[in-house]
Amino acid sequence: MTSPPPSRSQTTDAAIRARDLVKTFRDFWRRPKVEAVHSISFDVPPGQVFGLLGPNGSGKSTTIKMILGLLFPTSGTLEVLGASPQDTGVKRRIGYLPEESYLYPQLTPLETLSFYARLFNLPAEEAKERIHQLLEMIGLSHARHRPVGEFSKGMARRIGLAQALLNDPDLIILDEPTSGLDPQGTHQVKNLILALAARGKTVLLTSHLLADVEEVCNEVAILFNGRILAQGTLDSLLTQKQKTTLSFPTPRQPDTLRELMKAAKGILGTVPALTHPRQALEPYFLEVIRKAEGDFATSGAAQDAPLAPFLEQRGG
Ligand code: ADP
Ligand code: MG
C-alpha cells in the first residue's frame, strides 16, 4: 500500500508563509502615509512558481522587500524557509533579482559576477566555474569582457538573473523578471524559471505581464491597492468547468461537420460552438524568428540554453 503524497496545505512546509502582513510607510513626521500592503496572507509552497500580480503601485515590490528582510512589516507575521526573514542562514539560501538591476557600468559581466561571488564568499575556483556556466546559460559568454554600461536592457536583465543564481539558492525571488526583455529573452527566462522549479527550487515572481505569468506560475495572488483580491492555482482560477471543448482534426468533407453538429444538437439540446483553435502569438513569433535566423547565432539570448550544470544538482 502506498501512502498518500504529503499535503501541500501543511503550513510548516511552506517556503514563504505570510499572515496579515501590513506595511505602512510614514512621512518625515512619522505620520502614517501610504498603506502599501494591507493585511495580506498567502503561502508559497516549496518547489512551486508563485506569481504576485498587480498593476503598478499595488504593493508587489514592498511585499518582496519584506520577504527579503529589507523592510520590516508594520504588523503581521512572515516566515521564510521556516525562519525569520532576518535570519542570515535564510538570506544565504535566497537569490534575488531586483526590479531595477544596479550594475556598475564600467565593469564587465565577468567582473560583475566575480564581485558578487566574493560577497557570497564562494571559493575562487568554484566561483570561476559557476560564472562560466551562468554566462553560457544566459547567452552572454561572447560579451563577457564588454562593459555592462554598453548593454541593452535585456542583456543587463540577464546579468541580474545570473547574479541571483550564483549562490545556487533554494528560493528565487524575481521582481519583474521579464520587464524590458524582447520575446526571445522573455521565452528564455520563462524556460529558465520552469527548469529551476523542475529542480525543486521555489520561485516567487512579480509581474504585470499576464501572458508571461500564465505560462510559468502554478499559483498566483492578484494584488490591488495592497490587498489580495484573488488567489489560487491558475487551474482553479481560470478553468471554466461549465464548458467543455472537443478538439479533432478538421474533416475533409464539409458534410461530416454538418452531421456532427446535427448529432450534437440532438444529444445536447443546444448547438455547440464551432471554431478553429488559435495558437498563441509567442510560439508563432519565436518560430518565425527561428526560421529567419537559420543557422546564424544572434547576439540575443540563446533559444533554449540548458540550465547551468551547477544548478542541476538536486538536494541541499
Ligand atoms: P508595485 O511593486 O506593485 O508597483 P510598490 O510595492 O513598489 O508597488 O509600491 C506600493 C505603494 O507603496 C505605492 O503607492 C508606492 O508609492 C508606495 N511606496 C513604496 N515604497 C515606498 C517608500 N519607501 N516610501 C513611501 N511610499 C512607498
Ligand atoms: Mg514593483
Side-chain angles (χ1 to χ4, degrees), residues 15-44 48-80 84-86 91 94-103 153-154 156-161 163-165 169 171-182 185-186 189-190 192-193 202-232 234 237:
I16 301 172
R17 190 174 125 86
R19 288 293 174 274
D20 307 316
L21 208 57
V22 175
K23 181 66 194 179
T24 309
F25 288 108
R26 293 174 186 278
D27 67 7
F28 180 76
W29 308 104
R30 304 204 44 81
R31 288 175 303 207
K33 212 179 163 199
V34 185
E35 195 156 69
V37 172
H38 180 91
S39 194
I40 63 171
S41 301
F42 62 92
D43 284 322
V44 177
Q48 303 266 311
V49 184
F50 189 97
L52 275 180
L53 319 184
N56 291 330
S58 53
K60 304 183 296 292
S61 295
T62 303
T63 305
I64 279 190
K65 285 174 190 161
M66 288 191 280
I67 292 166
L68 292 164
L70 300 173
L71 285 176
F72 279 103
T74 306
S75 64
T77 57
L78 192 52
E79 211 176 82
V80 181
S84 146
Q86 307 300 326
K91 283 183 202 255
I94 298 179
Y96 170 47
L97 173 71
E99 195 168 12
E100 306 276 347
S101 314
Y102 300 101
L103 299 172
K153 174 105 199 263
R157 206 81 193 121
R158 271 140 61 196
I159 295 284
L161 205 57
Q163 179 210 311
L165 297 172
L171 172 61
I172 300 153
I173 297 182
L174 307 171
D175 203 352
E176 307 279 353
T178 54
S179 87
L181 295 181
D182 64 15
T186 301
V189 168
K190 285 193 281 192
L192 181 64
I193 292 170
T202 307
V203 181
L204 172 71
L205 61 87
T206 74
S207 190
H208 57 267
L209 301 169
L210 303 183
D212 294 355
V213 168
E214 196 170 348
E215 275 174 64
V216 295
C217 290
N218 310 99
E219 260 184 75
V220 298
I222 298 177
L223 272 178
F224 182 63
N225 274 340
R227 289 166 170 81
I228 292 180
L229 300 187
Q231 96 185 87
L234 280 183
L237 296 176

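As the structure lists them, so they are numbered: ligands from 1, and atoms in each ligand from 1. Please read these numbers as outputs of a predicted model, since none were measured by experiment.
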Using 2.8 Å as the threshold, say whether any N, O or S atom from Ser61 sits that close to the Mg ion (ligand 2). yes
Asp175, Ile228, Val37 screened by side chain to side chain contact (heavy atoms under 4.5 Å, CB included) with Thr63, the one that passes: Val37
Contact summary for Ala164 and Pro169, nearest pair of heavy atoms: O-CG, 3.4 Å
Sub-3.5 Å donor-acceptor pair from the side chain of Thr178 to the main-chain atoms of Thr186, do we have one? no
Establish, from distance only, whether the side-chain atoms of Ser207 and Asp212 form a donor-acceptor pair under 3.5 Å. no
For Leu181 and Gly154 the tightest heavy-atom approach is CD2-CA, 3.3 Å
Give a yes/no answer: is there an N/O/S atom of Glu176 under 2.8 Å from the Mg ion (ligand 2)? no
So does Arg19 pair up with Asp43, basic N to acidic O under 4.0 Å? yes
Close N/O pairs between ligand 1 and protein, under 3.5 Å:
unit_1, atom_1, unit_2, atom_2, d
ligand 1, 2 (O), Ser61, N, 2.9
ligand 1, 2 (O), Ser61, OG, 2.9
ligand 1, 3 (O), Ser58, N, 3.1
ligand 1, 3 (O), Ser58, OG, 3.3
ligand 1, 3 (O), Gly59, N, 3.0
ligand 1, 3 (O), Lys60, N, 2.9
ligand 1, 3 (O), Lys60, NZ, 2.9
ligand 1, 4 (O), Gly57, N, 2.7
ligand 1, 6 (O), Ser61, N, 3.4
ligand 1, 6 (O), Thr62, N, 2.9
ligand 1, 6 (O), Thr62, OG1, 2.5
ligand 1, 8 (O), Gly59, N, 3.2

If every non-hydrogen atom of Phe25 is compared with every non-hydrogen atom of Ala36, which pair is closest and at what distance? CE1-CB, 3.5 Å
